[in-house]
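Just so we're clear, the structure is a prediction, and the values are computed from it rather than from any experiment. Read the numbers this way: they start at 1 and go in the same order the structure lists the ligands and their atoms. Just the heavy atoms: all of them, side chains too, but no hydrogens, waters or symmetry mates, feed the values below.
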Amino acid sequence: MKDWIATDFDRELFDRELNAFVPDHVFDAHAHLYRADHFPADKQPALIGGGPPIAGMKEFDERIDEITPGRPTEALFFPFPNTFVDVDAENEFLYEELKNRPHSRGQMLTPPTMSPDTIRETVKRCGFVGLKCYHVWSPRKPTFDSFIEEFLPESHVQVADELGLSITLHIVRSRALADTANQETLRKWCQKYPNMRMILAHAARGFNAHHTIEGIHSLKGLRNVWFDTSAVTDCGAIESIIRVMGHDRVLYGSDFPVSHLRGRCVGLGDSFLWISSSNTDLNVPYGDLKLALVGHESLRTVKVAALSTGLNDSQVEDIFFRNGEKLFGLGR
Ligand SMILES: [Zn+2]
């Protein structure tokens, strides 16, 4: 069972568990496009090395149909953030790919060293609706310990407020939303910059659900914060967001191409682990253990969250497309 290759096992899992749950179309609030040649050959992430060399709209449409078959999908696209990627080339590629995609939107990569004027100019020229920051560009090492300010400067947040932009933020530090420094910055900026729209990726990086469950109350009452479900494959975090913030804050995201890896991220102790065939012994005596695609594990997790919080069909549709369409003014 390989990454990137969908099999009958995957199709059967979707038909059995997810086909009746996923609405007939999707707005995907977290999807990456990339060109492999925008990475130095010796520094290509394994995920990208194993996939198509160019992942533009055509490849996205073909491959996302393996995760959510028969569901026409528009998206909030952004490039694949990485230390070595050619940021300008990736932003330009995104701009070109979006030209024939009037119902999708794009967020540009914004390393912290990018000047606010460059962001302003690029957003206006390319019609981008937001920013994609990432911890890998933080000066702190390891970058996973970074405070938000170290990879998302306040000057970028000011531009977002000025232009009404969204920011997809994958918070780090070991306890994510349970970290008081993260909580304080998020609350302070969301209040100070009400026109900026903060999207906390991965259920506020709820890869260990207990971090989001512990910290979600710190954001209560804020109306310019959303949460995407991308790559969240363990129960509890999405539920706590629905209960405390409301289901209208939740945006479905595939995290394409992470959707095409096999495995699952589970909370363990006070951290989490991405289980894959390379770090886990799959030879078990009680059955035939095969890893499913992350995209399907993530849909299962959204389904359990909807069931356990008692969402009706229309509220499930809100998560899968209406909340995102509303956020970006894309109502059909
Ligand atoms: Zn992502």
Side-chain angles (χ1 to χ4, degrees), residues 3-4 26-36 38-39 44-52 55-57 59-60 63-64 67-68 73-85 87 90-91 93-94 97-98 104-111 128-138 143-144 146 148 151-152 166-172 176-177 197-207 212 226-234 237-238 250-265 272 274 276 293-299 301-302 324 327:
D3 295 337
W4 278 110
V26 170
F27 184 83
D28 179 345
H30 188 136
H32 300 273
L33 300 182
Y34 65 82
R35 280 185 62 118
H38 290 161
F39 299 80
Q44 229 173 54
L47 171 59
I48 284 173
M57 295 302 175
E59 294 77 14
F60 175 79
R63 303 311 299 259
I64 211 63
I67 303 297
T68 42
T73 300
E74 299 293 341
L76 177 63
F77 290 105
F78 26 96
F80 195 88
N82 176 278
T83 325
F84 303 104
V85 76
V87 168
E90 280 286 278
N91 285 338
F93 175 61
L94 176 66
E97 288 296 304
L98 280 166
S104 283
R105 291 294 180 268
Q107 286 183 332
M108 61 184 286
L109 292 183
T110 51
F128 293 139
V129 297
L131 317 180
K132 173 62 182 162
C133 55
Y134 206 48
H135 68 91
V136 293
W137 294 302
S138 166
T143 64
F144 278 112
S146 298
I148 296 169
F151 59 101
L152 174 62
S166 54
I167 301 174
T168 293
L169 169 62
H170 171 156
I171 56 174
V172 287
L177 195 57
R197 300 121 174 262
M198 180 62 79
I199 304 172
L200 296 176
H202 317 302
R205 208 202 70 178
F207 292 146
T212 297
W226 285 259
F227 304 80
D228 76 46
T229 65
S230 64
V232 174
T233 57
D234 205 354
I238 299 171
V250 180
L251 310 170
Y252 167 72
S254 69
D255 210 1
F256 174 82
V258 175
S259 50
H260 283 67
L261 289 174
R262 289 190 184 277
R264 220 189 121 192
C265 188
F272 57 86
W274 276 97
S276 70
L293 296 167
V294 168
H296 287 157
E297 294 285 10
S298 164
L299 284 166
T301 306
V302 176
L327 175 54

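- Taking E297 as the reference, R300 meet the salt bridge (Lys or Arg N to Asp or Glu O under 4.0 Å) condition, with sequence neighbours excluded.
- Side-chain contact between T301 and T229 is absent, with no heavy-atom pair separated by less than 4.5 Å.
- The one candidate from I48, V85, L33 that meets the side chain to side chain contact (heavy atoms under 4.5 Å, CB included) condition with F80 is I48.
- Under the 6.0 Å cut-off for aromatic ring centres, H32 and F78 qualify, their centroids lying closer than that.
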key: From CA spacing to verdict: side-chain contact (heavy atoms from CB on, under 4.5 Å), H30, I199   = CA-CA 10 Å; H30 188 136; I199 304 172; over 6 Å; no
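- Atoms of the protein (N, O or S only) found under 2.8 Å from the Zn ion (ligand 1) are H30 NE2, H32 NE2, D255 OD1.
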inquiry  = Quick one, L76 with L327, criterion side-chain contact (heavy atoms from CB on, under 4.5 Å). Give me CA distance, side-chain angles, the key distance, then yes/no.
reply    = CA-CA 11 Å; L76 177 63; L327 175 54; over 6 Å; no
